[in-house]
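First comes the structure, then the notes that go with it.
None of the values given here were measured: they were computed from a predicted structure.
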Amino acid sequence: RSKSLIISVFFLGFANRNSEFKDYKNLLSILFRKENNVLANEIYVKLINLQKKENAELIIVNPLTSLQLFEFCFDNLTENDSQTEAESEVNIFKSILYLNEQNIKLHNIAFSSTQDLDDNLKLAARTLSQSFPYSELINYDESEVLAGQMIKSIFLFEFLESDPRTNTLLTEFLKHFESPDWKTFLKSTLPLTFAVIKTKKEAHTDIVIAKDENFESSCKFLEKLNVTDTEILNDYDFKKIRSKPFYKVSEGVYRIIYGFFVLELIHKGVYFKLNEINNGLKDGEKIKNFRSLYCDDFSEKYLLYKLLNSIYKNRYIEYSGEQIKQMGIEAEPDYYIRNGNNLFLFESKDILINAAIKSSYDFKQYEIEFKKKLHFETKKEKIEKKAVLQLINNIENVITK
């Protein structure tokens, strides 16, 4: 088990762009030991011939397969392993090929589910269906993710601090992490993210806690970042790794499983933990629907208003959705900006797509779900207009004055 985990985490440490191990020659040379040289050379020759035949770039290891491999090994293998290390690495390579094969088969669903579409839509729908299940896991820039997560987290804590409904929740959150305030909490998470950003080697990254007077409290803090209630992660893929993106190697040494999930700890991880703590509060203190409060009051109002105001700095005529609602206008846009005859209307939607639907590769399922979330939904024989229809209606209202 330990060998399998080490190798799968090693794969997850590959750069998501321009990795030196994209070249299968480099990959085979670090994966196989001397005892497997003959096999490695046979594989190499087969790959060269396949590449010539298909005239296409061959990629063996990718983040999706590596995450699947780690999750399987972590859940199913035990330390009582009868395999030698040489046998183990061969079986790991076979496992990668098997998982790749299964993932490629799923791409066939993207083809079959878009077969009856008009030709002008088919390519776009097929491309979406093939990439949607895993695009966020591979198409990201670490610095941009860190900056986005940090900004959102600061705004979230400011919101929690300013809203009387969330005072108890914020207090309990800080008490849980033994932090005097949220700024101290965020400072404590920075070494984890810097470990991801600053790493230069394509390999696993270990967080080593300094053995000083703060050793015990630092280890305790890291352990507390884990989300123990995986029910709140039901709508996310790889929920176990998202809930605990590092595992303990030895006393004071924690290995990062996937850097992207560690970067997400700063904001998304905070949201998970807040949700978990909220679920444990007494009646009367608990926020009845934390997800709704987060999406409607924080994300679609507070965060959007703050960001747009910081960009445009009141240089133009601006109204937030709340201000427009107070004027007695119904189905208002979330934000309104006018510069002379140029008008900008904003709709903000913070939505989740269920993990089972997301991983389906099925355009028909995506179309139903996107329409429900962003176009319209029929409830009790009434049409509930969503972002797209709301924008269309408000554009018509503007044109007809």
Exercise for review: Using the salt bridge (charged side-chain N to carboxylate O under 4.0 Å, His left out) rule, pick out the option among Asp297, Asp296, Asp350 that qualifies with Arg291.
Suggested key: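 That would be Asp350; it is the only one of Asp297, Asp296, Asp350 passing the salt bridge (charged side-chain N to carboxylate O under 4.0 Å, His left out) with Arg291.
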Practice item. Give the ring-plane orientation class for Tyr258 versus Tyr140, where under 30° counts as parallel, over 60° as perpendicular and anything between as tilted. Key: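 Ring orientation of Tyr258 relative to Tyr140: perpendicular.
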Review point. Parallel, tilted or perpendicular: which fits the ring planes of Phe298 and His267, with parallel below 30° and perpendicular above 60°?
Key: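 It falls in the tilted class, 30° to 60°.
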Mark yes or no for whether [X], through its side chain, and [Y], through its backbone, hold a donor-acceptor pair below 3.5 Å.
{"X": "Asp141", "Y": "Glu144", "value": "yes"}
{"X": "Asn76", "Y": "Phe72", "value": "yes"}
{"X": "Asp212", "Y": "Phe215", "value": "yes"}
{"X": "Lys273", "Y": "Lys224", "value": "yes"}
{"X": "Ser113", "Y": "Phe363", "value": "yes"}
{"X": "Asn36", "Y": "Ala86", "value": "yes"}
{"X": "Ser88", "Y": "Thr84", "value": "no"}
{"X": "Tyr336", "Y": "Ile324", "value": "no"}
{"X": "Ser292", "Y": "Asn289", "value": "no"}
{"X": "Tyr366", "Y": "Tyr361", "value": "yes"}

Which pair of non-hydrogen atoms, one from [X] and one from [Y], has the smallest distance, and what is that distance?
{"X": "Ile154", "Y": "Leu186", "value": "CG1-CD1, 3.9 Å"}
{"X": "Ile197", "Y": "Ser143", "value": "CD1-N, 4.0 Å"}
{"X": "Ser66", "Y": "Leu12", "value": "CB-CD2, 3.5 Å"}
{"X": "Ser188", "Y": "Pro191", "value": "O-CD, 3.4 Å"}
{"X": "Ala110", "Y": "Thr114", "value": "O-OG1, 2.7 Å"}
{"X": "Cys219", "Y": "Ile209", "value": "SG-CG1, 4.0 Å"}

Ion pair present between [X] and [Y], side-chain N to carboxylate O less than 4.0 angstrom?
{"X": "Asp334", "Y": "Lys301", "answer": "no"}
{"X": "Glu384", "Y": "Lys379", "answer": "yes"}
{"X": "Glu330", "Y": "Lys385", "answer": "no"}
{"X": "Glu202", "Y": "Lys22", "answer": "no"}
{"X": "Glu347", "Y": "Lys386", "answer": "no"}
{"X": "Glu377", "Y": "Lys371", "answer": "no"}

**Study point:** Criterion salt bridge (charged side-chain N to carboxylate O under 4.0 Å, His left out) on Lys364 and Asp116, from CA distance to verdict
**Key:** CA-CA 11 Å; Lys364 288 183 170 62; Asp116 55 354; 3.6 Å; yes
Practice item. Determine, using ring centers only, whether Phe370 and His375 are less than 6.0 Å apart. Key: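 Between Phe370 and His375, which both carry aromatic rings, the centre distance is not below 6.0 Å.
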Practice item. Kindly state whether the ring of Phe344 and the ring of Tyr316 have centres lying under 6.0 angstrom apart. Key: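 Centroid distance Phe344-Tyr316: not below 6.0 Å, so no.
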For the residue pair [X] and [Y], establish whether any side-chain heavy-atom pair is separated by less than 4.5 Å.
{"X": "Phe238", "Y": "Leu137", "answer": "yes"}
{"X": "Phe14", "Y": "Leu27", "answer": "yes"}
{"X": "Ser4", "Y": "Ile92", "answer": "yes"}
{"X": "Lys306", "Y": "Phe159", "answer": "no"}
{"X": "Thr189", "Y": "Leu265", "answer": "no"}

Practice item. For salt bridge (charged side-chain N to carboxylate O under 4.0 Å, His left out), just list the numbers for Lys248 and Glu251, CA-CA rounded to whole Å, side-chain angles, deciding distance to a tenth of an Å, and then say yes or no. Key: CA-CA 7 Å; Lys248 192 173 182 177; Glu251 200 61 37; 3.6 Å; yes
Point to revise | Reference residue Tyr294; test ring pair (Phe, Tyr, Trp, His ring centres under 6.0 Å); the match among Phe155, Tyr302, Tyr271 | key: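 Per the ring pair (Phe, Tyr, Trp, His ring centres under 6.0 Å) rule, the option paired with Tyr294 is Tyr271, out of Phe155, Tyr302, Tyr271.
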Review point. For the ring pair (Phe, Tyr, Trp, His ring centres under 6.0 Å) test, which of Phe272, Phe185, Phe290 pairs with Phe173?
Key: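 Going through Phe272, Phe185, Phe290 one by one, the ring pair (Phe, Tyr, Trp, His ring centres under 6.0 Å) with Phe173 is satisfied by Phe185 alone.
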Check your understanding: Does NZ in Lys211 sit with more than 12 non-hydrogen atoms of other residues, nucleotides or ligands closer than 6.0 Å?
Key ->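 No - once you tally the heavy atoms of other residues, nucleotides and ligands closer than 6.0 Å, there are 12 at most.
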**Study point:** Steps toward salt bridge (charged side-chain N to carboxylate O under 4.0 Å, His left out) verdict (Glu85, Arg33)
**Key:** CA-CA 9 Å; Glu85 292 202 340; Arg33 60 187 58 235; 2.8 Å; yes
Do [X] and [Y] have side-chain N/O donor and acceptor atoms under 3.5 Å apart?
{"X": "Glu172", "Y": "Asn278", "value": "no"}
{"X": "Lys239", "Y": "Asn234", "value": "yes"}
{"X": "Thr228", "Y": "Glu276", "value": "yes"}
{"X": "Thr184", "Y": "Asp181", "value": "yes"}
{"X": "Tyr335", "Y": "Glu318", "value": "yes"}
{"X": "Glu223", "Y": "Tyr254", "value": "yes"}
{"X": "Glu369", "Y": "Asn354", "value": "no"}
{"X": "Asn103", "Y": "Asn62", "value": "no"}

Exercise for review: Using the salt bridge (Lys or Arg N to Asp or Glu O under 4.0 Å) rule, collect all pairs that involve residues 118-130, keeping only residues at least two apart or in two chains.
Suggested key: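 Qualifying pairs: Asp119-Lys122.
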Review point. Could you give the distance from CD1 (Ile104) to CD (Gln130), rounded to the nearest 0.5 Å?
Key: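 Between atom CD1 of Ile104 and atom CD of Gln130 there are 11.0 Å.
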Point to revise | Distance in Å, Ser218 OG paired with Glu216 CD, rounded so as to fall on 0.5 Å steps | key: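 One finds 10.0 Å between OG of Ser218 and CD of Glu216.
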Check your understanding: Passes salt bridge (charged side-chain N to carboxylate O under 4.0 Å, His left out), Asp237 versus Arg242? Steps please.
Key -> CA-CA 8 Å; Asp237 45 9; Arg242 286 182 192 269; 2.8 Å; yes
Scan the side chains in residues 44-54 for donor-acceptor partners under 3.5 Å anywhere in the protein, sequence neighbours excluded, and list what turns up.
from	atom 1	to	atom 2	distance (Å)
Asn49	ND2	Val45	O	3.3
Gln51	OE1	Tyr24	OH	2.7

Check your understanding: Are Lys198 and Phe194 in a cation-pi contact, defined as NZ or CZ under 6.0 Å from the six-membered ring centre and within 45° of the axis?
Key ->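 That pair qualifies as a cation-pi contact.
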Point to revise | Residue list, ring pair (Phe, Tyr, Trp, His ring centres under 6.0 Å) with His176, at least two apart or on another chain | key: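 Expected list: none.
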Point to revise | Arg338/Tyr319 under side-chain contact (heavy atoms from CB on, under 4.5 Å): CA gap, chis, key distance, verdict | key: CA-CA 9 Å; Arg338 185 166 68 80; Tyr319 296 107; over 6 Å; no
